[in-house]
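Throughout, protein chains are lettered first and strands after them, A, B, ... in sequence-line order, and every chain is numbered starting at 1.
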Protein chains: 2
Amino acid sequence: MSKTDITPVRTERRDAAENRQRILKAAHKLFEEFGVENVSMNQIATEAEIGPGTLYRRFRNKSELCQELIKDHLDLLFDGIETYMNENRDEPPRERLKGLLRLFIRFREMKAQLLSGVEESASPARKRPLSQNPVYNELHKLFVELLDEIAASEPSRSPAPNSVFKADVLMMALLRDSYHFQRDVRGYAPEMILEQLILTFLPEE
Amino acid sequence: MSKTDITPVRTERRDAAENRQRILKAAHKLFEEFGVENVSMNQIATEAEIGPGTLYRRFRNKSELCQELIKDHLDLLFDGIETYMNENRDEPPRERLKGLLRLFIRFREMKAQLLSGVEESASPARKRPLSQNPVYNELHKLFVELLDEIAASEPSRSPAPNSVFKADVLMMALLRDSYHFQRDVRGYAPEMILEQLILTFLPEE
DNA sequence: TTGACAAACGGAGATGTCTCCGCTTAAATA
DNA sequence: TATTTAAGCGGAGACATCTCCGTTTGTCAA
């Protein structure tokens with residue numbers, strides 16, 4: 001089941017649907033050529049031969065546009081995650097969490113630009129909180145489930161940390177700013193980041 | 001010792017120094033009246049009766065301006081932290097870390113707007129990484145020291161997590177986006193966030 | 001005091017995001 | 001098919017960040 005659909009309530013008018021395609025095609029082309037960061041909404045509108053107003057009617061900002069472009073890949077990611085979770089349902093939860101993190105980090109590496117585009121705060125002002133991004137909601141839910149399972153499976157040594165909070169912090173560490181900070185400034189390789197995350201969030205007793 | 005000074009190498013020309021004061025005064029007034037978020041660099045320039053070029057010559061962006069405005073308060077914070085650390089040097093490190101976090105979170109609550117302004121990504125494009133902000137470097141250093149001390153004081157049960165990494169993740173959780181997410185979306189009170197951070201990063205055995 | 005010059009000024013304008021609103025048009029309805 | 005109407009279009013323009021560069025001015029050395 002696709003979790004990232006944003007199905008329009010009513011079917012689009014024919015011209016609107018065509019414009020949507022023109023936009024996606026133009027964006028894809030420009031992103032490919034100049035990189036997501038270096039392409040402005042204006043450029044996309046020009047390339048698609050439509051007015052800026054039309055562009056913004058379809059996509060409220062570049063983040064939404066990126067989300068649309070990455071949707072299929074995201075669906076694949078979540079399919080992969082579901083498969084992994086099913087195939088490994090007998091593994092201990094900490095192992096599954098690690099696998100889950102690995103899948104996401106791999107995805108992050110492959111789709112770095114678009115995914116960063118999705119996370120972009122859009123306009124400096126009215127930025128919506130993380131919580132509104134379905135991608136991260138979905139991931140967060142999985143983290144919470146696994147963390148709860150881990151907490152339950154281990155002898156409760158101290159008041160169990162709130163899994164929702166812990167998952168939030170973990171998510172933050174996977175977000176663009178944090179992740180690329182680790183990569184580019186600290187110089188950690190992806191696998192190293194994964195290791196450190198596990199050590200940080202799941203210290204073995 | 002002040003750690004947040006950005007002392008100009010050469011003394012400013014008299015007119016430049018005066019303009020700097022006009023800018024700070026104007027910014028303070030406007031921030032007070034409309035809130036940091038809702039004040040543009042243009043407004044500040046107008047209020048200070050200078051051109052935009054002059055404003056940008058003094059402060060490359062709003063973040064730097066906020067940093068200047070909050071400097072004195074930050075110095076007080078770090079003085080307070082130093083005092084606290086000295087007075088509690090015999091407490092166990094985890095206790096000191098908790099105290100440190102509490103001091104910072106209190107500061108964050110009191111100076112929310114300006115501190116958020118400091119953290120602002122400035123322009124969506126060329127945002128400099130966290131690592132360039134002296135405030136966070138300073139804090140990060142303290143965290144690393146304490147985490148190292150904690151790791152050393154406890155029986156090494158498993159490969160010790162890299163304190164630098166752990167401190168990075170902890171910092172992320174204290175940053176504007178994450179902190180206000182916890183406050184506004186999750187509805188946690190500051191003291192609750194503190195508790196959760198401790199539980200997450202310093203699980204008792 | 002005066003002349004030279006680096007520093008500072010300021011505003012026009014490049015570029016970007018995003019909205020508003022009068023006109024156009026696809027498509028549901030009679 | 002003709003009519004209606006809401007969805008869609010597109011560009012002007014409000015506002016924001018930030019730069020460039022010709023002009024002005026403080027400062028220092030002579």
Side-chain angles (χ1 to χ4, degrees), chain A residues 7-24 26-27 30-31 34-68 116-128, chain B residues 7-27 30-31 34-68 117-128:
Chain A
T7 318
V9 181
R10 269 168 93 89
T11 50
E12 275 171 338
R13 239 167 66 170
R14 203 178 56 243
D15 51 351
E18 193 203 308
N19 277 335
R20 175 182 293 272
Q21 291 314 308
R22 299 167 73 94
I23 291 170
L24 292 176
L30 292 175
F31 287 171
F34 303 108
V36 176
E37 291 254 309
N38 306 311
V39 176
S40 74
M41 291 296 265
N42 273 345
Q43 279 176 69
I44 296 169
T46 302
E47 172 77 24
E49 294 179 277
I50 60 171
T54 303
L55 175 52
Y56 277 95
R57 163 176 296 273
R58 285 285 151 278
F59 302 97
R60 260 178 306 188
N61 48 51
K62 217 160 89 177
S63 173
E64 279 195 6
L65 184 44
C66 288
Q67 218 166 123
E68 187 73 20
S116 291
V118 172
E119 289 168 1
E120 196 79 45
S121 305
S123 62
R126 41 201 157 310
K127 59 187 168 336
R128 64 255 171 93
Chain B
T7 317
V9 182
R10 269 167 93 88
T11 49
E12 274 171 339
R13 238 168 66 170
R14 205 178 52 244
D15 52 349
E18 193 204 305
N19 276 334
R20 174 181 294 273
Q21 291 314 310
R22 299 167 73 95
I23 291 170
L24 291 176
K25 192 177 163 189
L30 291 175
F31 287 171
F34 303 108
V36 176
E37 290 255 307
N38 305 311
V39 176
S40 74
M41 290 297 263
N42 272 345
Q43 278 176 70
I44 296 170
T46 302
E47 173 78 23
E49 295 181 275
I50 59 171
T54 303
L55 175 54
Y56 277 95
R57 163 177 298 274
R58 287 285 152 279
F59 302 98
R60 261 178 307 192
N61 48 52
K62 217 160 86 176
S63 173
E64 280 195 6
L65 185 44
C66 288
Q67 219 168 119
E68 187 73 19
V118 172
E119 289 167 0
E120 196 79 45
S121 306
S123 61
R126 42 198 156 311
K127 59 185 166 339
R128 64 261 169 88

Let me spell it out: for each of B/R13 and B/G53, pick the nucleotide of DNA chain C with the closest heavy atom. Which residue's pick is nearer the 5' end? B/R13
Measure from CG on A/N19 to P on D/dA7 and round the result to the nearest Å. 17 Å
Search all heavy atoms of A/I44 against all heavy atoms of A/V39 and return the closest pair with its distance. CG1-CG1, 3.6 Å
Taking atom P of D/dG8 as reference, at what distance in whole Å does atom CG of A/D15 sit? 8 Å
Rounded to whole Å, please give me the gap between CD in A/E120 and P in C/dT17. 10 Å
Given side-chain contact (heavy atoms from CB on, under 4.5 Å), test B/V36 with B/C66 step by step and report yes or no. CA-CA 9 Å; B/V36 176; B/C66 288; 4.0 Å; yes
Nearest-Å distance, CZ (B/F34) to P (D/dA16)? 12 Å
Would a 4.5 Å heavy-atom cut-off, applied to side chains only, mark B/E47 and B/R22 as touching? no
Whole angstrom is fine here: how far is it from CZ in A/F59 over to P in D/dG8? 13 Å
Under 4.0 Å from OP1 or OP2 of C/dC9: is there any side-chain N or O of B/R58 that close? yes
Neighbours of DNA chain C within residues 38-51 of chain B, by heavy-atom distance under 4.0 Å: B/I50, B/G51
Can you measure B/R22 atom CZ to C/dG10 atom P for me and round it to whole angstrom units? 8 Å
Check the pair B/L55, B/N42 against side-chain contact (heavy atoms from CB on, under 4.5 Å), reporting the backbone distance first and the verdict last. CA-CA 9 Å; B/L55 175 54; B/N42 272 345; over 6 Å; no
Taking all atoms of both residues into account, what is the closest heavy-atom pair of A/E64 and A/F59, and its distance? OE1-CA, 3.8 Å
Interatomic distance, B/R57 CZ vs C/dA7 P [rounded to whole Å]: 9 Å
Round to the nearest Å and state the distance from A/R20 atom CZ to D/dA7 atom C1'. 14 Å
Under the side-chain contact (heavy atoms from CB on, under 4.5 Å) criterion, do A/R58 and A/L65 qualify, and how do the steps go? CA-CA 9 Å; A/R58 285 285 151 278; A/L65 184 44; over 6 Å; no
Kindly say if A/T54 contacts the phosphate of D/dG8, meaning a side-chain N or O under 4.0 Å from OP1 or OP2. no
Options D/dG11, D/dC9, D/dC18, nucleotide nearest the side-chain atoms of A/A16: D/dC9
With a 4.0 Å limit, can you tell me whether A/R14 has a side-chain N or O closer than that to the phosphate oxygens OP1/OP2 of C/dA27? yes
Taking it one step at a time, do B/N38 and B/F31 satisfy side-chain contact (heavy atoms from CB on, under 4.5 Å)? CA-CA 8 Å; B/N38 305 311; B/F31 287 171; over 6 Å; no
Within the pair A/N61 and C/dT17, is there a side-chain N or O less than 4.0 Å away from OP1 or OP2? no
